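Below is one structure; the comments refer to it alone.
All values derive from a computational prediction rather than experimental measurement. Quick note: numbers below take in every heavy atom, side chains included, and nothing from hydrogens, waters or symmetry partners.
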Amino acid sequence: MSVRIGDIAPDFEQDSTEGKIKFHDWAGGKWVVLFSHPKNFTPVCTTELGAVAKLKGEFDKRGVKVLGLSVDELGNHDKWADDIAETQGARLNFPLIADTDKSVSDKYGMIHPNASDTMTVRSVFVIDPNKKVRLTLTYPAATGRNFDEILRTIDSLQLTDNFSVATPADWKNGEDVIIVPSVSDDAAKEKFPKGWKALKPYLRVTEQPGK
Ligand code: BEZ
């Protein structure tokens, strides 16, 4: 089964390094990043988990809970956590699901059998406070993800929800944004009192609100 943008994130119950997780209860009303990695004690995964641990403060600032997943056993996760701390300079500070029966991986389509029928691919799901999937991303095993890009997409999604704006190609936090087409010029006058620049009637650029 695959999980797509706009779907309600499937609920599940599974063991983790921080005890049993009932996903929807655990998420509460928060944003969530759920990400899988192929295998413990592998080089790229080790760097990824360290990178996410170092960015924990950035996820916290945005009200985002982070949840990692692999199909390895729980005891195995704990031993590997020591290696991550030793080599990456950051200790795991978020739960890692031990999806040994692959029940969560199957629900979320994290196993792509033509790549590997035993390991999960590098999947990312950004889930909003209403449990709706807002972003999905899939990377191959040998390519480590850019977690700053995940933070950037969360900034964009939160701006869309809060201010009815979209973000252009290669946008970075603080740069100008785009007024979404569903906002009429009349409504935009109220929402964006500082005004906007209309490069085309459908391409209205304005200063990032709320910065
Ligand atoms: C890695 O994390 O380095 C890795 C994991 C599975 C396959 C290839 C690389």
Side-chain angles (χ1 to χ4, degrees), residues 1-4 7 9-28 30-60 64-127 131 133 135-151 154:
M1 189 179 143
S2 68
V3 172
R4 293 178 289 194
D7 292 352
D11 198 12
F12 59 81
E13 201 171 315
Q14 189 56 286
D15 287 331
S16 85
T17 48
E18 297 185 13
K20 194 167 281 289
I21 287 189
K22 289 181 167 183
F23 182 57
H24 281 190
D25 291 349
W26 177 86
K30 303 274 253 179
W31 287 80
V32 172
V33 172
L34 169 65
F35 73 104
S36 57
H37 61 271
K39 200 165 171 46
N40 295 3
F41 299 103
T42 52
V44 177
C45 297
T46 302
T47 62
E48 283 196 331
L49 278 273
V52 176
K54 282 184 203 156
L55 287 174
K56 177 73 167 31
E58 292 298 320
F59 286 107
D60 287 348
V64 180
K65 295 178 89 170
V66 177
L67 184 57
L69 175 147
S70 83
V71 295
D72 288 68
E73 286 164 13
L74 206 49
N76 190 327
H77 279 50
D78 288 339
K79 264 200 264 157
W80 185 41
D82 291 338
D83 289 359
I84 294 166
E86 182 190 326
T87 62
Q88 307 303 307
R91 184 157 282 283
L92 276 187
N93 47 19
F94 55 91
L96 262 189
I97 294 172
D99 192 34
T100 46
D101 64 3
K102 301 189 175 71
S103 57
V104 181
S105 314
D106 284 342
K107 269 187 180 169
Y108 278 80
M110 291 166 168
I111 292 179
H112 295 197
N114 291 327
S116 164
D117 53 12
T118 53
M119 292 188 300
T120 42
V121 291
R122 298 188 193 282
S123 296
V124 182
F125 298 89
V126 176
I127 297 159
K131 315 276 189 299
V133 175
L135 174 140
T136 70
L137 180 150
T138 308
Y139 267 42
T143 306
R145 286 159 286 194
N146 180 336
F147 289 93
D148 285 327
E149 169 64 2
I150 308 299
L151 287 168
I154 290 166

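Shown here are the side chain to side chain donor-acceptor pair (under 3.5 Å) partners of Trp26, two or more places apart in sequence or in another chain: there are none. Shown here are the salt bridge (Lys or Arg N to Asp or Glu O under 4.0 Å) partners of Asp60, two or more places apart in sequence or in another chain: Lys56. Taking Lys30 as the reference, Lys65 meet the side chain to side chain contact (heavy atoms under 4.5 Å, CB included) condition, with sequence neighbours excluded. Applying the side chain to side chain donor-acceptor pair (under 3.5 Å) rule to Glu149 yields the partners Arg152; only residues at least two apart in sequence or on another chain are considered. Considering only residues two or more places apart in sequence or on other chains, Asp78 meets the side chain to side chain contact (heavy atoms under 4.5 Å, CB included) condition with Thr17. For Thr118, the side chain to side chain donor-acceptor pair (under 3.5 Å) criterion is met by Ser116, not counting sequence neighbours. Remark: Phe147 pairs with Phe35 by the ring-ring contact (aromatic ring centres under 6.0 Å, His included) rule, at least two apart or across chains. Remark: Asp7 pairs with no residue by the side chain to side chain donor-acceptor pair (under 3.5 Å) rule, at least two apart or across chains. For Lys131, the side chain to side chain contact (heavy atoms under 4.5 Å, CB included) partners at least two apart in sequence or on another chain are Ile8, His24, Ala27. Judged as a side chain to side chain contact (heavy atoms under 4.5 Å, CB included), and not counting sequence neighbours, the contacts of Thr136 are Ile5, Phe125, Val133.
For the salt bridge (Lys or Arg N to Asp or Glu O under 4.0 Å) condition, the pairs that include at least one residue of residues 117-127, sequence neighbours left out, are Glu48-Arg122. Screening residues 84-93 for side-chain hydrogen bond (donor to acceptor under 3.5 Å, both in side chains), with sequence neighbours left out, gives Asp82-Arg91.
If you take NZ on Lys20 and CG on Asp25, they are separated by 13.0 Å, rounding to the nearest 0.5 Å. How far OG1 of Thr47 is from CZ of Arg145: 9.5 Å, rounded to the nearest 0.5 Å. Atom CE of residue Met119 and atom OG of residue Ser36 lie 11.0 Å apart, to the nearest 0.5 angstrom.
Side chain of Thr120 to main chain of Ile111: no donor-acceptor pair is present (N/O by atom type, distance under 3.5 Å, no hydrogens or angles). At least one donor-acceptor pair closer than 3.5 Å links the side chain of His77 to the backbone N or O of Ile97.
At a cut-off of 3.5 Å, with distance as the only test, no side-chain donor of Asn40 or Glu73 sits close to an acceptor on the other residue.
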